[in-house]
Enquirer: 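The structure is given below, and queries will be raised subsequently.
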Amino acid sequence: MLTRRKFLENTLKGIVLIGAGNTLQSFAAPGFTLPAKDKVALRFALTSDGHFGEAKTTWVENHQRMTGWLNKEKKGRGLHYAFINGDIFHNNPALLPEVKSTWDQLKMPYAVSHGNHDMIPEDDWEKTWGTRWHHVVEQGDAAFLVLNTADVTGKYICPDLEWTRAKLQQYRDKKHLFVIMHITPVKWTKHGIDCPELTDMFSAQPNLRAIFHGHDHAEDGMKEKNGKHYFFDGHLGGSWGTPYHGYRVVEVLTSGKILCYQVNPAVKEPVNQNVLPA
């Protein structure tokens, strides 16, 4: 669990900048200020771990708040895409139609990844979402590889390495490549799993800009391995984790720089922020 002291330390890293016409959270990272909207080529958000149906949690309210927050981002600074990064529901596949109808309230295109609590056969998953557990989303000069990290029983597994290798090769000429996967492939967190062959592939991929995870509800920052950046987004539901429900925003600038910042909607400052060079 993130302590209150650590939470305040992280929050104080953000600097509030109220700019003309800027109605959402603004911030300054070292050497950079929030750019004008016309400097943003691609803007997307990530949230995870809704655990729809988990006992003794307010799962309906949690999801309604999150869809509202993301729709506010869309209306304000804009969102091209949203990613719901695993643990869509909590063990019971009978809840899948209801949680899908909730996410369908989003005003922007969205995609989901499969999490360890999403205990449903892949064919049934595809009937609901229209994608396999491994799939690709393309958006202009960017591509997103959505990888699977759990089997139907919830056992942690490494993604399909041959599929991933083929897709990394296929999309090597995209300007920006991102990976979306529920469980981190490095055992640097309590709930991580080591997938060294996968991380070696990531390290060797020049256009891979960032990897995004859910799963570790208490993690909402960034970790680095061999020059690649691995981000976490806390949680939007569930019974444990950071003391707030939030999401991560990524802005790909026309200059090639990438801004990543974690949002706690209860405060104006970002929880943290990172600038990835062009």
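We're numbering straight along the sequence, starting at 1. Computed from a predicted structure; not experimentally measured. Hydrogens, waters and symmetry mates are skipped; everything else that's a heavy atom, side chains included, is used.
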Enquirer: Restricting to non-hydrogen atoms, name the atom on Ala150 and the atom on Trp133 that form the minimum distance, rounded to 0.1 Å.
Expert: O-CZ3, 4.0 Å
Enquirer: What pairs with Trp103 under ring pair (Phe, Tyr, Trp, His ring centres under 6.0 Å), at least two apart in sequence or on another chain?
Expert: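 Trp103 satisfies ring pair (Phe, Tyr, Trp, His ring centres under 6.0 Å) with His63 once adjacent residues are dropped.
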Enquirer: Under a 4.0 Å threshold between the charged nitrogen and the carboxylate oxygen, would Arg43 count as salt-bridged to Glu73?
Expert: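 A salt bridge is present here (some side-chain N lies under 4.0 Å from a carboxylate O).
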Enquirer: Would you list the pairs meeting disulfide bond (SG atoms under 2.5 Å apart) in which at least one residue belongs to residues 38-132, sequence neighbours left out?
Expert: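 Listed by first then second residue: nothing to list.
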Enquirer: Should Arg165 and Glu197 count as an ion pair when the cut-off is N to O under 4.0 Å?
Expert: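 Judged by the 4.0 Å cut-off on N to carboxylate O distance, Arg165 and Glu197 do form a salt bridge.
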Enquirer: Any pair with a residue in residues 164-211 that passes disulfide bond (SG atoms under 2.5 Å apart), sequence neighbours left out, goes on the list, sorted by first then second residue, please.
Expert: Cys158-Cys195
Enquirer: Considering only NZ, NE, NH1 and NH2 on the basic side and carboxylate oxygens on the acidic side, decide whether Lys257 and Glu251 come within less than 4.0 Å.
Expert: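 Not counted as a salt bridge, because no side-chain N and carboxylate O are separated by less than 4.0 Å.
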Enquirer: Inspect the contact between Lys127 and Asp123 and indicate whether a charged nitrogen and a carboxylate oxygen are less than 4.0 angstrom apart.
Expert: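 Looking at Lys127 together with Asp123, the answer is no, because their closest N to O distance does not fall below 4.0 Å.
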Enquirer: Which ILVMFWY residues are connected to Ile183, directly or by a chain of links, through side-chain heavy atoms under 4.5 Å apart?
Expert: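 Joined to Ile183, directly or through intermediates: Tyr156, Ile193.
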Enquirer: Determine the sole option in Tyr81, Tyr110, Phe178, Tyr247 for which the ring-ring contact (aromatic ring centres under 6.0 Å, His included) test with Phe44 is passed.
Expert: Phe178
Enquirer: Tell me whether the rings of His217 and Trp240 are parallel (<30°), tilted (30 to 60°) or perpendicular (>60°).
Expert: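 It falls in the parallel class, under 30°.
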Enquirer: Going by atom type alone, with no hydrogens or angles, which donor-acceptor pairs under 3.5 Å involve a side-chain atom of residues 83-93 and a protein atom two or more places apart or on another chain?
Expert:
from	atom 1	to	atom 2	distance (Å)
Asn85	OD1	Ser113	OG	2.6
Asn85	OD1	His182	N	3.4
Asn85	ND2	Met181	O	3.4
Asn85	ND2	Phe212	O	3.0
Asp87	OD1	Asn116	N	3.2
Asp87	OD1	His117	N	2.8
Asp87	OD2	His51	NE2	3.3
Asp87	OD2	His182	NE2	3.2
His90	ND1	His51	ND1	3.0
Asn91	OD1	His117	ND1	2.6
Asn92	OD1	Ala94	N	3.0

Enquirer: Could you pull out all residues at least two apart from Gln170 that satisfy side-chain contact (heavy atoms from CB on, under 4.5 Å)?
Expert: Lys167
